Amino acid sequence: MAFGGEDAESYYDEGVTAAMTGDVDRAVRGFEKAIRLDNSMSAAYHQLGRCYLRIGKADLAVAMLTQVLAKRPEQLLPRLDLGYALLSAGRLDEARRQFQQVLLLEAGSARARLGLAQANFQSGAWAAAMNEARAAIASGGVNTFPGLYLLGRAAKLSGDYEAASGALKKADALLEATIEKTGGDKPESHYLRGEVAFVQDNFAAALDHYRTAQGHARHGKSYTAYGESFALADVLAKQGLCLQRMGQADRARELGLRVGDLDPGHKIGKALRGG
């Protein structure tokens with residue numbers, strides 16, 4: 001029984017609390033129970049879709065969020081989330097249409113710009129991705145880091161190494177400032193610093209950041225920051241990739257085995273094990 005009683009609202013509240021603490025599996029159970037008790041609760045469908053996206057179930061996320069928009073087509077937040085779910089599912093043209101629809105209604109939406117940037121990045125349109133990322137960065141706030149990170153990756157792949165270096169250094173500086181401000185006892189910023197260093201081919205630094213993230217992460221929890229979601233298995237897998245790039249194949253395989261213990265289906269873990 002949910003804390004507040006055996007009703008949809010109580011299970012919904014339980015799901016929200018679990019999602020905020022990173023217990024996504026429990027959150028999913030709460031939202032699913034809320035929907036069974038009240039199948040008109042669009043907020044539960046929305047949050048369930050977001051949870052599915054966090055744990056990599058993109059097709060289920062698309063299904064949930066599509067239902068929300070069928071009932072509430074005027075709402076921008078579920079439309080944005082649907083766009084990102086479609087990106088995760090590889091349905092780039094459909095994702096673009098969702099982001100463009102948001103921009104028709106709210107021209108200054110940085111999340112929609114970031115979504116278009118990501119769609120262009122995934123389709124290999126580096127210059128277009130860079131332009132949309134710059135537009136998102138210009139809005140400031142929470143969009144600055146993801147915009148810089150995407151800009152850096154797109155610029156590197158386009159061959160503009162100066163722009164890539166500048167964007168990635170700024171992205172890392174933002175994360176470093178966040179760690180100094182918050183005390184650094186959470187894994188998110190450390191993990192993302194690892195991601196930034198990895199893109200820069202600085203595998204030793206990336207390995208250090210991932211190891212620090214590991215020290216603050218727990219199995220069974222999902223972590224999310226700036227639209228990037230990960231779990232402990234991902235942190236270990238990225239360490240394995242670093243060791244692989246550094247020529248330490250045996251140690252990389254050992255990490256692949258550890259990843260397999262946590263998540264047998266993890267793609268990077270399988271690759272590290274040679275499967």
Side-chain angles (χ1 to χ4, degrees), residues 1-73 75-91 94-95 98-99 102 111-112 114-115 118 142 146 186-189 191-192 195 213 216-235 237 259 262-269:
M1 179 181 291
F3 177 76
E6 192 70 16
D7 55 57
E9 289 77 11
S10 296
Y11 280 103
Y12 175 81
D13 291 342
E14 184 176 280
V16 170
T17 299
M20 289 176 64
T21 61
D23 191 346
V24 180
D25 289 338
R26 182 179 165 212
V28 166
R29 292 193 297 271
F31 294 132
E32 288 178 339
K33 182 67 172 178
I35 289 169
R36 284 196 293 272
L37 292 170
D38 181 359
N39 62 12
S40 68
M41 184 180 279
S42 62
Y45 284 92
H46 185 189
Q47 294 302 324
L48 183 56
R50 299 184 77 177
C51 285
Y52 282 145
L53 185 57
R54 284 178 67 175
I55 58 178
K57 296 183 177 181
D59 290 335
L60 286 175
V62 168
M64 288 292 108
L65 294 165
T66 299
Q67 290 187 60
V68 176
L69 280 180
K71 297 177 180 178
R72 303 286 179 84
Q75 292 190 350
L76 296 187
L77 185 55
R79 189 175 296 279
L80 281 166
D81 288 334
L82 174 59
Y84 281 96
L86 289 164
L87 283 180
S88 185
R91 296 159 62 175
E94 293 173 77
Q98 297 301 327
F99 297 131
V102 171
R111 275 197 74 203
L114 280 172
Q118 186 65 50
V142 296
K186 297 184 182 299
E188 291 89 344
S189 292
Y191 177 80
L192 291 174
E195 297 284 82
H216 298 294
R218 298 206 318 267
H219 180 47
K221 288 195 66 175
S222 172
Y223 301 92
T224 300
Y226 300 112
E228 301 286 333
S229 297
F230 65 94
L232 180 57
D234 300 303
V235 179
V259 172
L262 299 177
D263 182 356
H266 197 286
K267 292 181 180 179
I268 297 176

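Sequence positions, counted from 1, serve as the residue numbers for this chain. Both backbone and side-chain heavy atoms feed into the values below; hydrogens, waters and symmetry mates do not. What you see is a predicted model; the values in this text were computed from it and never measured.
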Just by distance, do the side chain of S10 and the backbone of E6 share a donor-acceptor pair under 3.5 Å?
no

Measure from the side-chain N and O atoms of R54 to the backbone N and O of A19, and report whether any donor-acceptor pair falls under 3.5 Å.
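Yes: the side chain of R54 pairs with the backbone of A19.
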
Using the ring-ring contact (aromatic ring centres under 6.0 Å, His included) criterion, which residues pair with [X]? Sequence neighbours excluded.
| X | answer |
| --- | --- |
| H216 | H190 |
| Y226 | F145 |
| Y191 | Y210, F230 |
| F99 | Y84 |

To the nearest 0.5 Å, what is the distance between [atom1] ([X]) and [atom2] ([Y])?
| X | Y | atom1 | atom2 | result |
| --- | --- | --- | --- | --- |
| R72 | L77 | CZ | CG | 13.0 Å |
| T66 | L86 | OG1 | CG | 6.5 Å |
| L69 | L76 | CG | CG | 9.5 Å |

Which pairs, with at least one residue in residues 23-36 and sequence neighbours excluded, count as a side-chain hydrogen bond (donor to acceptor under 3.5 Å, both in side chains)?
E32-Y52

Which residue, I35, V68, L60, L65, forms the side chain to side chain contact (heavy atoms under 4.5 Å, CB included) with L48?
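Among I35, V68, L60, L65, the one that satisfies the side chain to side chain contact (heavy atoms under 4.5 Å, CB included) with L48 is I35.
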
Which atom pair, heavy atoms only, marks the closest approach of R79 to P73?
NH2-O, 2.9 Å

What pairs of residues pass the ring-ring contact (aromatic ring centres under 6.0 Å, His included) test when at least one of them lies in residues 25-48, not counting sequence neighbours?
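Those involving residues 25-48 are Y12-F31.
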
Please indicate whether K267 has more than 12 foreign heavy atoms, meaning atoms of other residues, nucleotides or ligands, lying under 6.0 Å from its NZ.
no

